[in-house]
**Student:** 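Input: one structure, supplied below.
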Amino acid sequence: MHTQAEHAIAADMTNIWPADPALITRAAERLAAGGLVGVPTETVYGLAADASNGEAVAKIYETKGRPRFNPLIVHVADANMAARIGEIGQDAARLIERYWPGPLTIVLPALETAPISDLAMAGLPTVALRSPAHPVARALLTEFGKPFVAPSANRSGRISPTTADHVAEEFGDLIPVLDGGPCEVGVESTIIGLAADLPALLRPGSIDPMELSKVLGIELIGPGAGIVAPGMMTSHYAPDAAVRLEAEEARGNEVLLGFGGTPGATLDLSPSGDLREAAAHLFSYLRQLDRTGKPIAVAKIPDKGLGLAINDRLRRAAAPRD
Ligand code: TXA
Ligand code: MG
């Protein structure tokens with residue numbers, strides 16, 4: 001976060017807008033005019049566009065440099081707005097009641113009449129819906145009065161942004177970004193698919209899948225088994241540097257990203273071994289280490305709870321590049 005004086009300078013120089021009511025209104029007007037706005041959510045910063053405006057959605061792909069059209073998540077103010085877009089059955093209603101607003105995205109059959117551009121849905125008969133909890137995202141939804149799509153506000157395949165400065169680093173002064181402080185969760189929302197016969201976990205996030213199973217009263221199936229979240233490319237969230245996982249120490253000129261007090265760590269995701277803190281630091285620490293220009297070694301992160309989401313992102317960061 002910046003002080004107010006710093007903000008005034010930042011707003012001129014990098015298009016970082018303090019999230020005050022006047023600028024939230026300006027951001028909503030920009031969306032209505034088919035423009036893009038960076039918006040904070042509790043997970044990561046999003047690059048928002050009017051979900052009903054195909055040209056605005058096309059600008060997202062162009063700005064991110066996305067190599068192909070993946071379906072985007074449609075952000076809504078509440079269950080009422082969602083009910084005009086997707087078929088909300090009993091399972092969805094239960095999850096919405098329990099988790100919205102919050103970091104849970106639900107994939108549902110889309111209504112014929114959904115006011116969403118085909119490009120945002122990549123031509124699929126299903127739609128991904130989420131109601132963010134971050135007060136600035138909520139204020140923007142209220143002010144705009146319509147759903148917006150918002151993929152993470154980074155160039156395609158790169159590390160997701162968790163501060164307004166990160167967004168400015170990605171797009172310079174091309175895109176204004178509302179500053180809502182550092183993201184609390186730090187990894188993208190959990191995605192659950194309810195459009196097929198069985199509920200499936202399509203992307204791990206901060207919500208424990210076991211707890212989701214309990215709420216639904218049925219075990220979730222994994223994303224394998226022919227069910228694909230089209231955006232889940234293998235190499236993703238990639239820093240420029242090479243990334244090596246489950247490292248016990250730095251080798252050669254590597255910098256070391258530790259966890260739980262790893263000896264010799266350049267940065268430690270959570271010295272006390274708290275997965276929630278680690279998730280919140282993940283993308284910003286990867287960015288910092290990437291700036292050293294050295295290869296990055298990452299300590300082993302426990303593969304349970306939020307560690308599942310952290311390891312999912314780390315594996316993609318370490319995957320061979322195209
Ligand atoms: O935390 C988040 O969800 C962030 C913040 C900004 O809200 N947003 C985000 O949006 O990650 P996006 O658009 O990048 O997420 C797209 C993911 C992709 O993995 C895509 O495959 C999946 O959502 N998705 C979207 N529509 C889908 C559909 N109809 N069926 C299956 N997966 C879908
Ligand atoms: Mg992304």
Side-chain angles (χ1 to χ4, degrees), residues 1 40-46 99 102-105 132-134 152-154 157-167 169 180-191 201-212 223 232 234-251 254-292 294-319:
M1 286 268 239
T41 82
E42 69 277 27
T43 57
V44 300
Y45 274 70
Y99 293 105
L104 180 69
T105 295
H134 195 291
S152 53
N154 52 275
R158 306 243 329 141
I159 302 168
S160 296
T162 53
T163 67
D165 285 334
H166 293 163
V167 180
E169 272 171 30
C183 300
E184 218 171 282
V185 176
V187 293
E188 295 83 349
S189 60
T190 302
I191 305 183
L201 182 68
L202 300 180
R203 178 172 74 183
S206 64
I207 297 174
D208 185 349
M210 297 288 281
E211 200 192 285
L212 287 167
M232 299 296 276
T234 308
S235 170
H236 205 152
Y237 311 100
D240 290 327
V243 177
R244 183 170 68 86
L245 302 183
E246 304 198 4
E248 279 169 11
E249 76 279 291
R251 291 185 198 150
E254 282 175 344
V255 285
L256 179 61
L257 182 59
F259 175 79
T262 309
T266 318
L267 289 172
D268 197 311
L269 287 169
S270 169
S272 68
D274 175 356
L275 287 168
R276 207 161 273 280
E277 183 186 28
H281 287 154
L282 178 66
F283 291 136
S284 102
Y285 283 11
L286 278 174
R287 255 171 211 276
Q288 280 188 48
L289 292 179
D290 202 20
R291 264 185 234 122
T292 65
K294 296 180 177 159
I296 302 170
V298 186
K300 192 175 167 113
I301 314 287
D303 212 19
K304 54 174 203 256
L306 245 178
L308 293 169
I310 296 172
N311 284 324
D312 171 72
R313 306 314 189 266
L314 283 172
R315 274 194 294 275
R316 288 169 208 284

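We count residues from 1, following the sequence as given.
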**Student:** Can a side-chain donor-acceptor contact be found between T162 and S284 if the only test is distance below 3.5 angstrom?
**Tutor:**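 The criterion, which ignores hydrogens and geometry beyond distance, is not satisfied for T162 and S284.
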
**Student:** Specify the closest pair of heavy atoms between V44 and S160, including all atoms of both residues, with the distance to one decimal.
**Tutor:**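 Closest approach of V44 to S160: CG1-CB, 4.0 Å.
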
**Student:** Could you list the residues that satisfy side chain to side chain donor-acceptor pair (under 3.5 Å) with T41, not counting sequence neighbours?
**Tutor:**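 For T41 the side chain to side chain donor-acceptor pair (under 3.5 Å) partners, ignoring immediate neighbours, are T43, R130.
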
**Student:** Would you please name every residue forming a side chain to side chain contact (heavy atoms under 4.5 Å, CB included) with A309, sequence neighbours left out?
**Tutor:**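 A309 satisfies side chain to side chain contact (heavy atoms under 4.5 Å, CB included) with V187, P204, L306, R313 once adjacent residues are dropped.
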
**Student:** Let me see the working for F259 and V298 under side-chain contact (heavy atoms from CB on, under 4.5 Å), right down to the final yes or no.
**Tutor:** CA-CA 8 Å; F259 175 79; V298 186; over 6 Å; no

**Student:** Who are the salt bridge (charged side-chain N to carboxylate O under 4.0 Å, His left out) partners of E184, not counting sequence neighbours?
**Tutor:**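 Checked E184 against salt bridge (charged side-chain N to carboxylate O under 4.0 Å, His left out); zero matches.
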
**Student:** According to ring-ring contact (aromatic ring centres under 6.0 Å, His included), who are the partners of Y285, at least two apart in sequence or on a separate chain?
**Tutor:**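 Once residues adjacent in sequence are excluded, the partners of Y285 under the ring-ring contact (aromatic ring centres under 6.0 Å, His included) criterion are H281.
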
**Student:** So does D290 get a backbone contact from the side chain of D240, meaning a donor-acceptor N/O pair under 3.5 Å?
**Tutor:**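 Not confirmed, D240 side chain does not pair with D290 backbone.
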
**Student:** Distance from L289 atom CG to L256 atom CG, nearest 0.5 Å?
**Tutor:**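 CG of L256 is found 8.5 Å from CG of L289.
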
**Student:** Going through the distances and angles, do N154 and I159 end up as a side-chain contact (heavy atoms from CB on, under 4.5 Å)?
**Tutor:** CA-CA 7 Å; N154 52 275; I159 302 168; over 6 Å; no

**Student:** With rounding to the nearest 0.5 Å, note down the distance linking OG1 in T262 to CG in L257.
**Tutor:**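 Going from the OG1 atom of T262 to the CG atom of L257 covers 8.0 Å.
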
**Student:** How close do P103 and S206 get, heavy atom to heavy atom, and via which atoms?
**Tutor:**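 That closest heavy-atom pairing would be CG-OG, 3.5 Å.
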
**Student:** Do E188 and S152 meet the criterion of a side-chain donor-acceptor pair at a distance under 3.5 Å?
**Tutor:**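 Side chains of E188 and S152: no pair found under 3.5 Å.
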
**Student:** With sequence neighbours left out, what residues match E254 under salt bridge (charged side-chain N to carboxylate O under 4.0 Å, His left out)?
**Tutor:**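 Partners of E254 under the salt bridge (charged side-chain N to carboxylate O under 4.0 Å, His left out) test: R244.
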
**Student:** Quick one: list whatever passes side chain to side chain donor-acceptor pair (under 3.5 Å) with R291, sequence neighbours left out.
**Tutor:**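 Residues passing side chain to side chain donor-acceptor pair (under 3.5 Å) with R291: E169.
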
**Student:** Would you please test L308 and D208 for side-chain contact (heavy atoms from CB on, under 4.5 Å) and show each step?
**Tutor:** CA-CA 9 Å; L308 293 169; D208 185 349; over 6 Å; no

**Student:** Under the salt bridge (charged side-chain N to carboxylate O under 4.0 Å, His left out) test, which residues partner E211, sequence neighbours left out?
**Tutor:**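 In terms of salt bridge (charged side-chain N to carboxylate O under 4.0 Å, His left out), with neighbours along the sequence ignored, E211 is linked to R98.
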
**Student:** Can you name the nearest heavy-atom pair linking P271 to E277, along with the distance?
**Tutor:**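 So the minimum-distance heavy-atom pair works out to CD-OE1, 4.2 Å.
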
**Student:** Measure across G261 and D268 and return the closest heavy-atom pair with its distance rounded to 0.1 Å.
**Tutor:**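 Scanning both residues completely, I find the closest heavy atoms to be N-OD2, 2.8 Å.
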
**Student:** Go through the structure and list residues passing side chain to side chain contact (heavy atoms under 4.5 Å, CB included) with T163, not counting sequence neighbours.
**Tutor:**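 T163: side chain to side chain contact (heavy atoms under 4.5 Å, CB included) contacts with D165, H166, P182.
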
**Student:** Please, which pairs that meet side chain to side chain donor-acceptor pair (under 3.5 Å) have at least one residue in residues 294-305, sequence neighbours excluded?
**Tutor:**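 Output for this query lists D303-N311.
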
**Student:** Shortest non-hydrogen contact from A317 to V243?
**Tutor:**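 Here A317 and V243 meet closest at O-CG2, 3.8 Å.
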
**Student:** Taking the side chain as C-beta and beyond, is there a heavy-atom pair between L314 and L282 under 4.5 Å?
**Tutor:**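 Answer yes - side chains close enough.
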
**Student:** Which atoms form the tightest heavy-atom contact between C183 and Y45, and what is the distance?
**Tutor:**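 Result for this residue pair: SG-CD1, 3.5 Å.
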
**Student:** Kindly write out the residues that satisfy salt bridge (charged side-chain N to carboxylate O under 4.0 Å, His left out) with R276, not counting sequence neighbours, or none if the list is empty.
**Tutor:**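 Salt bridge (charged side-chain N to carboxylate O under 4.0 Å, His left out) check on R276 returns nothing, list empty.
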
**Student:** Quick one: side chain to side chain donor-acceptor pair (under 3.5 Å) partners of T190, sequence neighbours excluded?
**Tutor:**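 For T190 there are no side chain to side chain donor-acceptor pair (under 3.5 Å) partners, ignoring immediate neighbours.
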
